[in-house]
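The structure appears below as structure tokens.
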Amino acid sequence: GLLGKFIPAFERARCLMQFNQYHKYTVDEHSIRALESAVFRSRDPGSVGQAYRETKRKDVLHLALLLHDIGKGFEEDHSEVGKRLAEDLATLLGLGDHERHQLAFLVHKHLVMAHVATRRDVSDPATIVSFVRTVGTVETLRMLYVLTVADTDAVAPGSLTSWKESLYTELYARSMEELTGEA
């Protein structure tokens, strides 16, 4: 119950079962495992580890990892509910406008990278441009990449396959190139 003291909305997610074929863990355990997965990436020599280490506002990333599924258990889409809860928490914590917007974006759009990487042709420049317009900045792209990998890793043992990670990494690399102009 400790997280519920600091993040009131988290209390509702405590021990909340996820009735689907993917998630092995309750919402709260999944969220904590996602945060743990991201932090463990700090020692990863690959691109996910580099993205994590280069993330300037790890506090915002960590909050997004804890909150990304906080809207589950409501009738409305969990990403929409989560966005509102993230905005409320950001205000409660006194985050600045930029950080509040970034946190709300990450919670609201936490599934977009996985969807684009696994369901669209990332070799199509139009796909990359559309995705980059959604993400907006290099820092947000880094955070979304780490969040996506960590979220997938925390679904169940073995859920983050090398194939999925390679798809996320390819989308990340192509998007970073589009944002920065550097290969």
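Any value given below was found using the heavy atoms of this structure, including those in side chains, with hydrogens, waters and symmetry copies removed. Because the structure is a prediction, the values reported are computed rather than measured.
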Test: salt bridge (charged side-chain N to carboxylate O under 4.0 Å, His left out). Region: residues 45-56. Which pairs qualify, not counting sequence neighbours?
E54-R142
Before accepting this row, confirm whether a basic side-chain N of the pair E139/R57 lies closer than 4.0 Å to the acidic partner's carboxylate O.
no
Heavy-atom check, side chain of H68 versus side chain of L106, under 4.5 Å
no
Step by step, work out the side chain to side chain contact (heavy atoms under 4.5 Å, CB included) result for T148 and Y172.
CA-CA 11 Å; T148 302; Y172 173 72; over 6 Å; no
Give a yes or no answer on whether the side chain of S37 reaches the backbone of R33 with a donor-acceptor pair at less than 3.5 Å.
no
Kindly indicate, with the supporting measurements, whether the criterion side-chain hydrogen bond (donor to acceptor under 3.5 Å, both in side chains) is fulfilled by H110 and D151.
CA-CA 9 Å; H110 72 275; D151 182 22; 4.6 Å; no
If you apply the rule side chain to side chain contact (heavy atoms under 4.5 Å, CB included), what do you find for H62 with V39, and how did you get there?
CA-CA 9 Å; H62 294 168; V39 172; 3.8 Å; yes
Evaluate side chain to side chain contact (heavy atoms under 4.5 Å, CB included) for V48 paired with Y168, printing each intermediate quantity in order.
CA-CA 10 Å; V48 181; Y168 301 158; over 6 Å; no
Restricting to non-hydrogen atoms, name the atom on V122 and the atom on A117 that form the minimum distance, rounded to 0.1 Å.
CG1-CA, 4.2 Å
When rounded to the nearest 0.5 angstrom, what is the spacing between CG in D153 and CZ in R41?
6.0 Å
How many angstroms lie between atom CG of L179 and atom CD1 of I128, to the nearest 0.5 angstrom?
10.0 Å
Cluster overlap L167 with M176, hydrophobic side-chain contacts below 4.5 Å:
no
Minimum heavy-atom separation for A104 to A86, with atom names?
CA-CB, 4.2 Å
Against L103, only a single residue in L93, L61, L67, D59 fulfils side-chain contact (heavy atoms from CB on, under 4.5 Å); can you say which?
L67
Hey, could you give me the OG1/CD distance between T140 and Q102, rounded to the nearest 0.5 Å?
4.0 Å
Check: K58 main-chain N/O paired with T55 side-chain donor or acceptor under 3.5 Å
no
Rounding to 0.5 Å, atoms CG (L65) and CE (M143) come to a distance of 9.0 Å
Check step by step if side chain to side chain contact (heavy atoms under 4.5 Å, CB included) holds for Y145 and T169.
CA-CA 8 Å; Y145 176 48; T169 300; 2.7 Å; yes
So if you build clusters from Ile, Leu, Val, Met, Phe, Trp, Tyr with side-chain heavy-atom gaps below 4.5 Å, do F40 and V146 land together?
no
Out of curiosity, does V135 fall in the hydrophobic cluster containing V129 (side-chain heavy atoms, cut-off under 4.5 Å, transitive links)?
no
So, K164 and E170, do they make that salt bridge, N to O below 4.0 Å?
no
Of the non-hydrogen atoms in A34 and A154, which two are nearest, and what is the gap between them?
N-CB, 3.4 Å
Interatomic spacing from CZ in R133 to OG in S175 - rounded to 0.5 Å
13.0 Å
Residues forming a salt bridge (charged side-chain N to carboxylate O under 4.0 Å, His left out) with D88, sequence neighbours excluded:
none
So which atom in F131 and which in L141 form the shortest heavy-atom distance, rounded to 0.1 Å?
CE2-CD1, 3.8 Å
I'd like to check the side chain to side chain contact (heavy atoms under 4.5 Å, CB included) partners of S123; sequence neighbours left out, ordered by chain and number.
D121, R174
Measuring from atom OH of Y52 to atom CG of L147, what distance do you get when rounded to the nearest 0.5 angstrom?
12.0 Å
